[in-house]
Amino acid sequence: MAIIYDEKEQVFMLNTPNTTYAIAVTDETYLCHLYYGKKIQDSHIRYLLREDELPFVPSKNFREKNTFLDTFPMEYPETGMGDYRQSAFCVRDAEGHRASACIYKGYEIKAGKPKLPGMPATFAEEDVCSTLYLHCEDPVLGLRLCLMYSVFEDVDVITRSVRVENIGGNPVYLEKVLTACLDMADQSFEWVSLCGAWARERHIQRLPVGYGRQNVASFRGESSHQEQPFIALATKGAGEEEGEIYAMHFVYSGNFLAQVEKNAYGYVRMTMGIHPEGFTWKLEPGNEFTAPEVVMTYSCQGFGKMTRTFHELYRNHLIRSPYLHKARPVLINNWEATYFDFDEKKLLEIAREASELGIELFVLDDGWFGKRNSDNCSLGDWKVNREKIPSGIGKLSKEINALGMKFGIWVEPEMISPDSDLFRAHPDWAIQIPGREITQSRCQYVLDLSRDEIVDYIYEQIAEVLRNAEISYVKWDMNRQLTTIGSAALPADRQGELYHRYVLGVYRLQERLITEFPDLLLENCSGGGARFDPGMLYYSPQIWCSDDTDAVERLAIQEGTAMLYPLSCIGAHVSACPNHIVGRVTPFETRGQVAMAGTFGYELDVTKLSEEEKEQVKEQIQCYHMYQELIREGDYYRLLSSQQMQRADAWMVVDREKKKALIWCVTVLNAPNQDGFFLKLKGLDSEKIYRINEKEYQGDVLMNCGIRIKPATKDFVSRMFYAECI
């Protein structure tokens, strides 16, 4: 069974295929973390708590209860009673006191997995998942806490959430509701996160865990370019295939906090949830609040196993799109080809050329609506710009379809321009603080999506465009963070709810969109990769990875992204050279091969390509179609990392039967007077014989000896190899 309760030991055992997570009840009152690691069978592990050592449990040594609370491995630590480490829960009562003490009351074990109201979450059938509900209560505050643990039987994952219910007679104010906490003894841990900025998102950061608190976080209203809602603890020296990894990932698209804390006694606490800064939730009597989901996984086989676990979970239990297991159309986006300077003639000119090259989807980016000739106006005015497109979106989409291509558009529904008909009619619809200047970014404000009437209005504007045209793809953008946080519709004691209510509004919009248009291919974007998180994957099967389309810059970005997300989620395009962001000139072949480790498409003016480049486009599209299923469904292995000063950047995907593999190797900077090298492969069957470039190798030879990579003759040389079992 996935969840077992040993009543005599008062121990819960949560078992995935290869891991066990154990919780103990102490003093009939406290829920304590007991164990997380390799799967074990015996529940007689209570001795790991060392309850017979100082400071002892409160029933034996009440005079040192403070010390007990501050040192014991708590499953869900609270504020104000004596635990001075990072708490997971903080509530303020009507008198202004901040303290809670929720006592364990009982448990339930149910088949299946609950949905979280209004939020994305993993899902599973009852035969592959079961859920433990741990019920706790604070009789002073009249609060009930339900800690929820869903255990998967087909992948090494446990997900967590928390539900808070006010059963008292007075409102309380939730000031912190983190979702997960994990207390462990330090093992010379290093903590791993993904950090960056616009155009260089999700670079891998690895640092030793020191005393005190170290965290990654966002309170920008989105998961952000700067941080990813992910954190891992790795044993010292852990690599792709060796070492222990404890990881958490947040299924949420707004503010988050992911923190590691090491105390004076050498114990480590890892926590994750909604960032408490700017968060206060008024919980009225009879009402509930549910925290977003955290995904937890443990690997004793390094980062590679962690990566493949996340990939498997998200493919099988998070992404709902009908495109999940389908070939994505090769698209061309007109943004870097034209920016705002286009008309109907120019669009059709690009589309005709693209169609002849085999491109299957034309995407009309920013500038098609209102008076949008620059990024200074018209967000919120979702009516076609007849000066640019006199025949309208419906007619244009039909003309594109007549070329044998599908048609898609770009939208930014969450924003409003100061210079727009919508803002002039409804200035209070923008998020703002009365009396303060609204901080502009990209000359735009943010719509208050906590308000149902705004969600309804914006949805109808976008849906009306889709209902009257042949549109099969939407790129949903969000180009700025939230500031001057205030809502004209919320009372003073609920303003702290705006950040979270905004995210719930985004989720409502996207849920309505994919419900009314179930065959729509939705691609999320936020100035590139500022909202690349598991929450968005619940609504769209792919996310624009970064606005930086330079193939060399993309190596680090896509390496960090693929550490958590399947390649089929990673929006990646071939763009023009010199690259518009970094100015680098990269071979067309390299640009194509790097973009192929993603959804694959083009972001350039194909009418300006040379005949040689046009032939390469045709070859790249043919190659993509040949290997797209393997790239989409295969198991991912990282081979080399140029970010770790290795000789090249290399990765591969292998199908589940270990019969096929595709290998990429990119030499970033060439060096003088160097030999080639041998690239050791992974994930193959050691007994099988594989053919690569007409040569035959046994699997164990490829994994232990490698394939030969000849010396490069210039910078930025990319090579792909296909291995097939014979």
Side-chain angles (χ1 to χ4, degrees), residues 14 16 18-23 32-40 48 71-77 83 85-88 149 155-160 178-195 202-217 227-251 256-273 293-310 313 534 560 563-564 638 641 644:
L14 285 60
T16 72
N18 301 293
T19 73
T20 295
Y21 187 98
I23 304 165
C32 301
H33 178 69
L34 190 57
Y35 172 83
Y36 193 23
K38 293 181 182 179
K39 191 170 186 176
I40 55 177
L48 296 173
T71 57
F72 224 61
M74 298 297 180
E75 191 62 26
Y76 196 70
D83 188 342
R85 297 164 290 179
Q86 171 71 52
S87 65
Y149 302 75
V155 61
D156 288 319
V157 163
I158 296 169
T159 63
R160 296 174 64 171
L178 302 186
T179 299
C181 173
L182 179 60
D183 277 354
M184 298 182 293
D186 187 25
Q187 303 176 52
S188 298
F189 282 128
E190 298 173 310
W191 69 289
V192 181
S193 62
L194 302 178
C195 305
R202 290 174 298 285
H203 286 215
I204 299 170
Q205 174 180 254
R206 186 168 176 172
L207 298 167
V209 173
Y211 289 99
R213 298 177 180 180
Q214 301 157 289
N215 68 61
V216 288
E227 317 284 3
Q228 171 71 197
F230 158 81
I231 197 169
L233 292 175
T235 51
K236 192 173 183 178
E240 281 296 308
E241 307 300 325
E242 63 285 324
E244 294 182 90
I245 314 293
Y246 301 85
M248 291 183 181
H249 206 189
F250 201 24
V251 187
F256 75 91
L257 174 67
Q259 183 164 281
V260 176
E261 178 181 7
K262 183 177 177 180
N263 72 2
Y265 304 101
Y267 287 89
V268 172
R269 172 171 287 179
M270 179 163 58
T271 49
M272 177 174 280
E293 182 173 82
V294 163
V295 173
M296 295 195 317
T297 188
Y298 164 81
S299 166
C300 63
Q301 298 172 283
F303 290 100
K305 175 63 165 60
M306 178 203 77
T307 289
R308 291 184 288 279
T309 297
F310 279 126
L313 178 78
M563 192 178 192
L564 305 176
R638 170 59 53 174
S641 171
Q644 299 177 21

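Salt bridge Glu240/Arg308: absent, no basic N to carboxylate O contact under 4.0 Å.
At least one side-chain heavy atom of Pro534 sits less than 4.5 Å from a side-chain heavy atom of His249. Using a 4.5 Å heavy-atom threshold, the side chains of Val216 and Trp191 count as touching. Put simply, the side chain of Leu194 reaches to within 4.5 Å of the side chain of Leu564, judged on heavy atoms. The side-chain heavy atoms of Glu75 and Cys32, taken from C-beta on, include no pair separated by under 4.5 Å. Side-chain contact between His33 and Tyr21 is present, with at least one heavy-atom pair separated by less than 4.5 Å. Using a 4.5 Å heavy-atom threshold, the side chains of Leu178 and Gln86 count as touching. Annotation: side chain of Ile231 is in contact with side chain of Met272 (closest heavy-atom distance under 4.5 Å). Contact annotation: the side chain of Tyr267 never approaches that of Asp183 to less than 4.5 Å [non-hydrogen atoms, C-beta and beyond].
Side chains of Gln259 and Thr271: no donor on one and acceptor on the other come within 3.5 Å. No side-chain donor-acceptor contact under 3.5 Å links Tyr76 and Arg160.
The heavy-atom pair separating Cys195 from Glu227 by the smallest distance is SG-OE1, 3.2 Å. Among all heavy-atom pairs drawn from Met306 and Ala247, the shortest one is SD-CB, 3.7 Å. Nearest heavy-atom pair, Phe256 versus Ala258, reported as atom, atom and distance to 0.1 Å: CD1-N, 4.0 Å. Of all heavy-atom pairs spanning Val192 and Ala234, the tightest one is CG2-CB, 4.4 Å. The minimum heavy-atom distance between Gly560 and Ile204, with the atom names listed, is CA-CG1, 4.0 Å. Contact record, Ala217 with Leu257: CB-CD1, 4.0 Å, taken as the closest heavy-atom pair.
Note that CG of Leu313 and OG1 of Thr159 are 8.0 Å apart. Values are rounded to the nearest 0.5 Å. Considering NZ of Lys38 and OH of Tyr298, their distance stands at 6.0 Å, rounded to 0.5 Å. Rounding to the nearest 0.5 angstrom, the gap separating the CE atom in Met296 from the CE atom in Met248 is 5.5 Å. Taking CD1 from Ile245 and CD from Gln301, the interatomic distance works out to 11.0 Å, rounded to the nearest 0.5 Å. Note that the CE atom of Met563 and the CD atom of Gln228 stand 11.0 Å from one another [nearest 0.5 Å]. Distance check, rounded to the nearest 0.5 Å: NZ of Lys39 to OG1 of Thr20 gives 6.5 Å.
Contacts of Glu242 classified as salt bridge (Lys or Arg N to Asp or Glu O under 4.0 Å), with partners at least two apart in sequence or in another chain: none. For Asp156, the salt bridge (Lys or Arg N to Asp or Glu O under 4.0 Å) partners at least two apart in sequence or on another chain are Lys305. For Glu190, the salt bridge (Lys or Arg N to Asp or Glu O under 4.0 Å) test picks out Arg206, with sequence neighbours left out. Looking at residues two or more places apart in sequence or on another chain, you find a ring pair (Phe, Tyr, Trp, His ring centres under 6.0 Å) between Phe189 and Tyr246. Residues satisfying the salt bridge (Lys or Arg N to Asp or Glu O under 4.0 Å) test with Arg638, not counting sequence neighbours, are Asp649. Considering only residues two or more places apart in sequence or on other chains, Phe303 meets the ring pair (Phe, Tyr, Trp, His ring centres under 6.0 Å) condition with none of them.
Judged purely by atom type and a 3.5 angstrom limit, Gln214 has no side-chain atom pairing as donor or acceptor with the backbone of Lys262. Not one N or O on the side chain of Thr235 forms a donor-acceptor pair closer than 3.5 Å with the backbone of Ala238.
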Worksheet item: Hey, mind stepping through Val251 and Val295 against side chain to side chain contact (heavy atoms under 4.5 Å, CB included) and telling me if it holds?
Response: CA-CA 7 Å; Val251 187; Val295 173; 3.8 Å; yes
